[in-house]
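Beneath this line is the structure, given in structure tokens, with notes to follow.
Counting convention: from 1, in listed order, for ligands and their atoms alike. The first residue of the sequence shown is numbered 1, and numbering continues consecutively from there. Everything quoted here is computed from the prediction, not taken from an experiment.
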Amino acid sequence: MRRIAVLTSGGDSPGMNAAIRAAVLRGIDKGLEVFGVYNGYEGLLEGNIVPMKRKNVGGIIQRGGTILRTSRSDRFKLEESQFEAIRKLKDLDIEGLVVIGGDGSFKGAMKLCEKGLPVVGIPGTIDNDISGTDYSIGFNTAVSTVLDAIDKIRDTAYSHEKTSIIEVMGRGAGDIALWAGLCTGAASIIIPEAAYQIKDVITRIQAARERGDKDCIIIVAEGVCSAEEIKKELQEQIQLETRVVVLGFLQRGGTPNAYDRMIGSQMGAKAVDLLLDGNHGSMLCVKDGKITYSPFEEAAKEVHEIDMSLYQLALSLSS
Ligand code: F6P
């Protein structure tokens, strides 16, 4: 293998740049020519592929987002697009690919592998919802960003004795909401993995008020419903006036913390080693605190599970 490429796909996450940097530098150290694909699979289909030198990855480890930019590509789900992508790489004699992204990105990566292209995946999404790995790059930073925002909201919520409803990301997974809820002592945490009833939220708010809590935080993962819907229900049912904050992209951007730079760097370098050792068709993962890898198929088999004991702990600590 003499030429490889790197791309980022799906939602960006802090630490992706550390992974890109490590893959490029490790590739160069191993005597490879490394290319960057701009805009994920969309860019691959358009042939938006450029050589990456050391200077292209200088000063990026501390930057959030992805310098290669990213996309969500519907047309890449088509077989003809996958063959076209392989042709685009073959035109440049690129024989291996590193894909940094989430579960949707890995489905695409698997399709490329099945068609004969060596691919290695690196889990990168703030949602932390990829099966087969305990961790995906960006989650730790995103949670810290959410905590920082909630701590500020609490100062003013306390001062005015207001209830605040914070909507966080997590389309199908409640990890961000759960961690943020436990780490801020939220009165109620609404996640896709636990059935939610407005009467329970009301009970918890009332208990918090009876205890004398001056502020009250409710966290909802956007995959369940919007914070506005909860606000409306609380207004209708108990005439409670609340404030809504939707954190949105604020929690996806920002400087990656040490952990995400560390995992990104380790995985970026390891991805190149796996390609060179012929261990492609696999995704890097964190298992029991160690970086390892599993075949894409095996990773896809497992179901991402949230730690419900943390949910129970969060509830008990804020009752
Ligand atoms: O990156 C994952 C994620 O943040 C999900 O939590 C969210 O549902 C989705 O991306 C929204 O992303 P976009 O607004 O870019 O479509």
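The only option from Lys111, Glu114, Lys115 that meets the side chain to side chain donor-acceptor pair (under 3.5 Å) definition with Gln82 turns out to be Lys115. The only member of Lys231, Arg243, Arg209 that meets side chain to side chain donor-acceptor pair (under 3.5 Å) when paired with Thr163 is Arg209.
On a distance-only criterion, Ile126 and ligand 1 share no N/O pair closer than 3.5 Å. Checked by distance only, ligand 1 and Arg252 come closer than 3.5 Å through their nitrogen or oxygen atoms.
Set against the non-hydrogen atoms of Asp127, the atoms of ligand 1 under 4.0 Å away are 2 (C), 3 (C), 4 (O), 5 (C), 6 (O). Atoms of ligand 1 found under 4.0 Å from any heavy atom of Gly11 (numbered from 1 in listed order, with element): 1 (O). Here is the list of ligand 1 atoms found below 4.0 Å of a heavy atom in Arg171: 6 (O), 8 (O). Short contacts between ligand 1 and Glu222, defined as distances under 4.0 Å to a heavy atom of the residue, involve ligand atoms 5 (C), 6 (O), 7 (C), 8 (O).
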Kindly indicate, with the supporting measurements, whether the criterion side chain to side chain donor-acceptor pair (under 3.5 Å) is fulfilled by Asn140 and Asn257. CA-CA 8 Å; Asn140 204 301; Asn257 66 16; 2.9 Å; yes

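Between Tyr196 and Val201, the shortest heavy-atom distance links the atoms CE1-CG2, 3.8 Å.
Partners of Asp148 according to the salt bridge (Lys or Arg N to Asp or Glu O under 4.0 Å) rule, which considers only residues two or more places apart in sequence or in another chain, are Lys152.
Remark: minimum distance from atom 14 (O) of ligand 1 to any protein heavy atom is reached at Phe249 CE2, 3.6 Å. The protein non-hydrogen atom at the shortest distance from atom 9 (C) of ligand 1 is Arg72 NH2, 3.6 Å. Looking only at heavy atoms of the protein, atom 4 (O) of ligand 1 is closest to Met169 SD, 2.9 Å.
With a 4.5 Å cut-off on side-chain heavy atoms, Thr255 and Thr141 do not count as touching.
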With a 3.5 Å cut-off and sequence neighbours excluded, list the donor-acceptor pairs that the side chains of residues 47-64 form with protein atoms.
residue : atom : partner : partner atom : Å
Arg54   : NH2  : Asp29   : OD1          : 2.7
Asn56   : OD1  : Lys53   : N            : 2.6
Gln62   : NE2  : Gly59   : O            : 3.1

